[in-house]
Protein chains: 2
Amino acid sequence: MVEPAALEAKAPESVSELIERLDGIADMLPKRLGQCAEFLRHNIHLVAVSTVADLSAGAGVQPSAFMRFCQALGFSGFSQMQALFRAEYREFRPDYAERLSQLRTRGGEGPGWLAANFAEAGHKSLVFLMNDLDSGKLAKAAELLASAGTVHLVGLRRAFAIVSYMGYLLDKMQVPTVIHRTSAQIESDHAIRPGDALFAVSFKPFSQETLSLAASVADRGIPVIGLSDTEDGPLSEAATVLLVAREVDVGAFRVPTAALTLATSLAVAVGQNRESAD
Amino acid sequence: MVEPAALEAKAPESVSELIERLDGIADMLPKRLGQCAEFLRHNIHLVAVSTVADLSAGAGVQPSAFMRFCQALGFSGFSQMQALFRAEYREFRPDYAERLSQLRTRGGEGPGWLAANFAEAGHKSLVFLMNDLDSGKLAKAAELLASAGTVHLVGLRRAFAIVSYMGYLLDKMQVPTVIHRTSAQIESDHAIRPGDALFAVSFKPFSQETLSLAASVADRGIPVIGLSDTEDGPLSEAATVLLVAREVDVGAFRVPTAALTLATSLAVAVGQNRESAD
DNA sequence: ACGGTTTTGGAAGATTTATTCTATTTTTGC
DNA sequence: GCAAAAATAGAATAAATCTTCCAAAACCGT
């Protein structure tokens with residue numbers, strides 16, 4: 001490889017910059033260096049805590065190849081690249097770990113300890129969300145809801161909080177929205193008309209009412225967007241698009257962090273889609 | 001220092017275990033080793049990405065002192081201790097960074113990008129929560145709610161999702177609970193009686209209805225536990241205990257991740273307090 | 001204040017880890 | 001299919017990092 005001196009002259013100064021460059025040159029990299037790029041793409045977080053030997057082994061190349069890869073990225077060597085990741089790491093979690101471990105060890109019970117556990121579970125849930133998220137599905141869901149006349153929301157028990165927050169957001173963005181099954185049985189299913197869409201939220205153990213509403217609406221050919229904590233639950237049959245948000249439990253309890261994050265993203269996307277359509 | 005051979009024989013096998021041992025021996029450590037312990041307590045997250053030279057400099061001691069410190073903890077040396085942290089690091093963020101950066105760099109808009117931003121904001125909110133959390137206040141709040149006859153909840157607009165999830169949890173744990181201001185104005189403030197307690201949630205811009213309910217209840221000498229996104233808002237006057245959960249915004253929007261996590265912790269703590277009181 | 005014990009600082013030694021070099025293989029252009 | 005260029009593997013070298021050692025200092029009980 002001939003290095004285009006002018007172009008690669010300076011090393012990336014942040015991880016984002018690095019990834020940008022990585023994507024830029026990934027296609028024109030020779031075989032072994034390509035392996036390095038591929039491996040890095042999927043294991044970029046390992047750089048901060050690994051040696052070249054580890055990483056090159058992971059990528060299935062010789063240490064020297066990985067070395068050349070670092071230089072192709074514009075670094076003087078591996079160490080300079082690693083320094084970037086270590087710096088970012090130090091910044092990203094100021095002293096959360098400290099706080100967490102203090103709360104965790106001091107006693108091992110009490111509300112503070114609980115909060116620490118829920119917070120840690122929340123972190124993990126968000127990680128899972130980002131790993132599993134199918135942004136194509138999310139985009140499709142946003143599209144369906146954006147083109148609906150009225151957005152109908154349904155979700156009971158633990159799912160109700162999700163639905164109510166989504167209702168709040170949609171209303172704030174002036175999207176016509178109705179939350180179903182709140183007070184008694186007043187809201188008739190017939191309020192959901194062709195041209196509308198239904199957003200149904202249900203987690204294990206599924207609430208029969210939500211499922212049957214989703215099923216009957218789907219039968220009438222109206223789009224149903226589902227949100228659940230599993231791919232293959234009963235919602236998957238009725239739903240045109242099924243979004244999944246797994247949560248990490250703390251004992252018998254959970255905070256629906258991932259679901260709420262996903263639902264909020266969806267609501268905002270719907271609002272933006274509508275706006276640009278006007 | 002004489003090492004009590006039998007006791008310190010084996011090295012900690014997890015970070016929690018390490019911290020436990022650290023707290024156990026912290027008091028009986030000589031000066032320099034004590035400095036190491038103190039520094040580690042506050043910068044424990046640095047171990048994964050630093051050298052002994054870095055850490056010993058941070059603690060203000062010689063590298064050899066830090067070395068002895070590691071051994072006092074039961075490790076063969078610094079490397080063994082560091083391996084622990086690196087292993088935990090690898091687990092804790094599987095490949096979230098990868099996912100995030102992919103979504104972040106690919107395009108820079110669309111629902112997937114939104115979700116990535118909200119997820120990142122969620123992480124930060126949880127970090128702030130753990131840093132700012134006053135576990136004494138949280139315990140006090142749990143105590144007040146646990147000793148109340150009926151727990152009354154109020155929160156409108158964006159706060160309603162928090163309140164409804166908390167209501168769900170408390171109900172599930174058989175704590176007598178009422179959510180106020182849902183359907184019309186039917187629920188009279190007079191339903192809140194001496195011996196009860198009110199949990200009021202309100203974020204900027206504050207909802208007048210929530211505030212006035214909280215104020216009138218507080219006037220009658222009934223405990224009010226507040227949850228807000230700021231320390232010095234109008235809720236601080238009425239509230240016996242005020243909990244704070246700051247959230248990181250994404251543009252004009254936010255996911256109430258921290259507030260929901262805090263509220264859930266509180267609800268579970270209340271449930272546990274009640275149970276043990278029965 | 002003294003002798004024994006513990007702790008410390010600094011430097012020397014051992015080990016791991018990063019980096020470079022070169023012969024060999026693979027690819028590329030013609 | 002051949003020559004030139006590029007890329008690679010593996011070993012050799014250089015650098016950094018960890019670890020041990022020991023003389024000097026601080027501490028402690030008497």
Q. B:His45 vs A:Tyr89 aromatic rings, parallel, tilted or perpendicular, using cut-offs 30° and 60°?
A. tilted
**Q.** Criterion side chain to side chain donor-acceptor pair (under 3.5 Å) against A:Asp229, the qualifying member of A:Lys204, A:Arg246, A:Arg254
**A.** A:Arg254
Q: Assess the side chains of B:Gln71 and B:Arg68: does a donor N or O sit below 3.5 Å from an acceptor N or O?
A: no
Q: Output, in order, the C-alpha distance, side-chain angles, deciding distance and verdict of side chain to side chain contact (heavy atoms under 4.5 Å, CB included) for B:Val244 and B:Asp132.
A: CA-CA 8 Å; B:Val244 177; B:Asp132 298 352; over 6 Å; no
Q: Could you run through nucleotides 8-30 of chain C and give me one letter per nucleotide, 5' to 3': B if any protein heavy atom sits under 4.0 Å from the base, S if only the sugar-phosphate is that close, - if neither?
A: BBB------SSSB----------
Q | Rounded distance in Å - CG (B:Leu55) to P (D:dT19) | A | 12 Å
(Q) Tell me whether the count of non-hydrogen atoms from other residues, nucleotides or ligands lying under 6.0 Å of NZ in A:Lys137 goes above 12. (A) yes
